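These figures come from a predicted structure and were not determined experimentally.
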Amino acid sequence: MNRLTTLGVAIAIAMPTSAHAQLAEPVRDMIDAAIASGDADAVATVMDLARQTNPDAAEELDGIAATFAASQEEAAALAAAQEEEEIRNAGLLDNWSGQGEIGAFRATGNTSETGVTAAVELRREGVDWEHQLRARADYQKSSGVTTREQFLAAYQPRYNLSERIYLFGLAQWERDRFQGFDARYSVSGGLGYRVFDNDKMRLLVEGGPAWRRTEFSDGTTDQSIAGYAALDYDWQVTDRIAFTQDASVFLESGNTTLQSITGLEAGLGSGLTARASYTVEHDTNPPAGAIKTDTLTRFTLIYGF
């Protein structure tokens, strides 16, 4: 609002009014201009000023405010319907987002060393469905000998039954020769619950039955029915700082696998984020020659796209 306009409105609203006064034209023009901008904050500011200086026109101002509020609600509903329609009609390759991650790690447990780590995550959110693809590799070679080789790939779909409850599936493949297996396949599904999910904080818990097959490095195999449970917690501490905690457990008759990943992220701008994370993996009955607990500290840069 420039000074001349403000002065004109001030003069108009200072004019004497009768008990049933109409809004002065400069005041009405100012309200109309604010409404035309579509800025709800600007409309609220102008309306407050008009109410204070034109108390006898309260009924007219209430009508203008109600009409504007109704038009805003209608526009929001129309925009939401158009967005939903676009999502429903999107192609298979549309509406994907993701991030790439690269950095270094420090491992202790079955091995004690520093190596390189890389990961990629893709996500597609629809009206009812959400799809997530993840892949990660940790690798280290010393004096021509591979001393760390850990790979993971996973796909997880979710289908919303309500705002909080959803169905999920999980298909996962892992390889870690230093934990004693060349391949481990896991398939699970069940129910999930969003304890809370907003711009500042998100907590999801889920669980259900699972099936696992492990191909050990010595050539033997094992497969069994298991139970699966997981937790996903994200806290946006400030505009640039975020805390994350992911945990999962596979319960088998002969072995239970627990994993915890604690992370701290700092936004650097231009789509870049610095991340420090600490991973603990524990098997209650690992293969012969492997210890029960591995830890991995990663320092990475993340680029969102």
Indicate whether any N or O donor in one side chain lies under 3.5 Å from an N or O acceptor in the other, for [X] and [Y].
| X | Y | value |
| --- | --- | --- |
| T214 | R184 | no |
| D39 | S37 | no |
| T117 | R136 | yes |
| Q99 | E101 | no |
| Y139 | T146 | yes |
| D283 | T257 | yes |
| N160 | R194 | yes |
| Q223 | E215 | no |

Strictly distance-based, threshold 3.5 Å: is any side-chain N or O of [X] a donor or acceptor partner for the main-chain N or O of [Y]?
| X | Y | result |
| --- | --- | --- |
| S188 | P209 | yes |
| N255 | N285 | yes |
| Q236 | T238 | yes |

**Report entry** Residues clustered with Y278, ILVMFWY side-chain links under 4.5 angstrom
**Finding:**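 Joined to Y278, directly or through intermediates: V280.
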Query raised in the report: In the hydrophobic cluster built from side-chain contacts under 4.5 Å, what are the other members alongside I302?
Result: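 None; I302 is a cluster of one.
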Report task. List the steps, then state whether side-chain contact (heavy atoms from CB on, under 4.5 Å) holds for R175 with Q150. Result -> CA-CA 6 Å; R175 179 180 181 182; Q150 185 174 14; over 6 Å; no
Report task. Salt-bridge test for K292 and E281: reply yes if a basic N is under 4.0 Å from a carboxylate O, no otherwise. Result ->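 Salt bridge flag = no for E281 with K292.
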Query raised in the report: Taking 4.0 angstrom as the limit, do R164 and D197 come out as a salt bridge?
Result: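 Looking at D197 together with R164, the answer is no, because their closest N to O distance does not fall below 4.0 Å.
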Query - Stacked cation flag R202 on Y233, 6.0 angstrom / 45 deg - result: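 R202 over Y233 ring: no.
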Query - W129 and H131 aromatic ring geometry - parallel, tilted or perpendicular at 30°/60° bounds - result: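 Aromatic pair H131/W129 classed parallel.
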Query raised in the report: Would L231 and Y193 show up in the same hydrophobic cluster when neighbours are defined by side-chain heavy atoms closer than 4.5 Å?
Result: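 Yes, it is one cluster - the side chains of L231 and Y193 are joined through contacts under 4.5 Å.
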Query raised in the report: Y185 and L170: same hydrophobic cluster, using ILVMFWY side-chain contacts below 4.5 Å?
Result: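 Y185 and L170: separate clusters.
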Report task. Kindly determine whether R298 and S277 satisfy side-chain hydrogen bond (donor to acceptor under 3.5 Å, both in side chains), including the steps that lead there. Result -> CA-CA 5 Å; R298 296 184 178 96; S277 65; 4.6 Å; no
Using a cut-off of 6.0 Å, state whether more than 12 heavy atoms not belonging to [X] lie near its atom [atom1].
| X | atom1 | result |
| --- | --- | --- |
| D239 | CG | no |
| W235 | CH2 | no |
| F243 | CZ | yes |

Requested in this report: Answer yes or no: is there a side-chain heavy-atom contact under 4.5 Å between F151 and W173?
Outcome: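 Yes; the side chains approach each other to less than 4.5 Å.
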Query raised in the report: Taking it one step at a time, do E130 and Q132 satisfy side-chain hydrogen bond (donor to acceptor under 3.5 Å, both in side chains)?
Result: CA-CA 7 Å; E130 176 183 325; Q132 184 183 41; 5.8 Å; no
**Report entry** Audit row: L167, L191, side-chain contact (heavy atoms from CB on, under 4.5 Å) steps and yes/no
**Finding:** CA-CA 5 Å; L167 295 172; L191 278 175; 3.5 Å; yes
Query - R51: salt bridge (Lys or Arg N to Asp or Glu O under 4.0 Å) partners, not counting sequence neighbours - result: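 In terms of salt bridge (Lys or Arg N to Asp or Glu O under 4.0 Å), with neighbours along the sequence ignored, R51 is linked to D62.
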Query raised in the report: Less than 6.0 Å separating the ring centroids of F216 and F181?
Result: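 Not close enough - the centres of the two rings lie 6.0 Å or further apart.
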Query - Candidate pair T244 and E265, rule side-chain contact (heavy atoms from CB on, under 4.5 Å), full reasoning - result: CA-CA 8 Å; T244 65; E265 300 177 357; 4.2 Å; yes
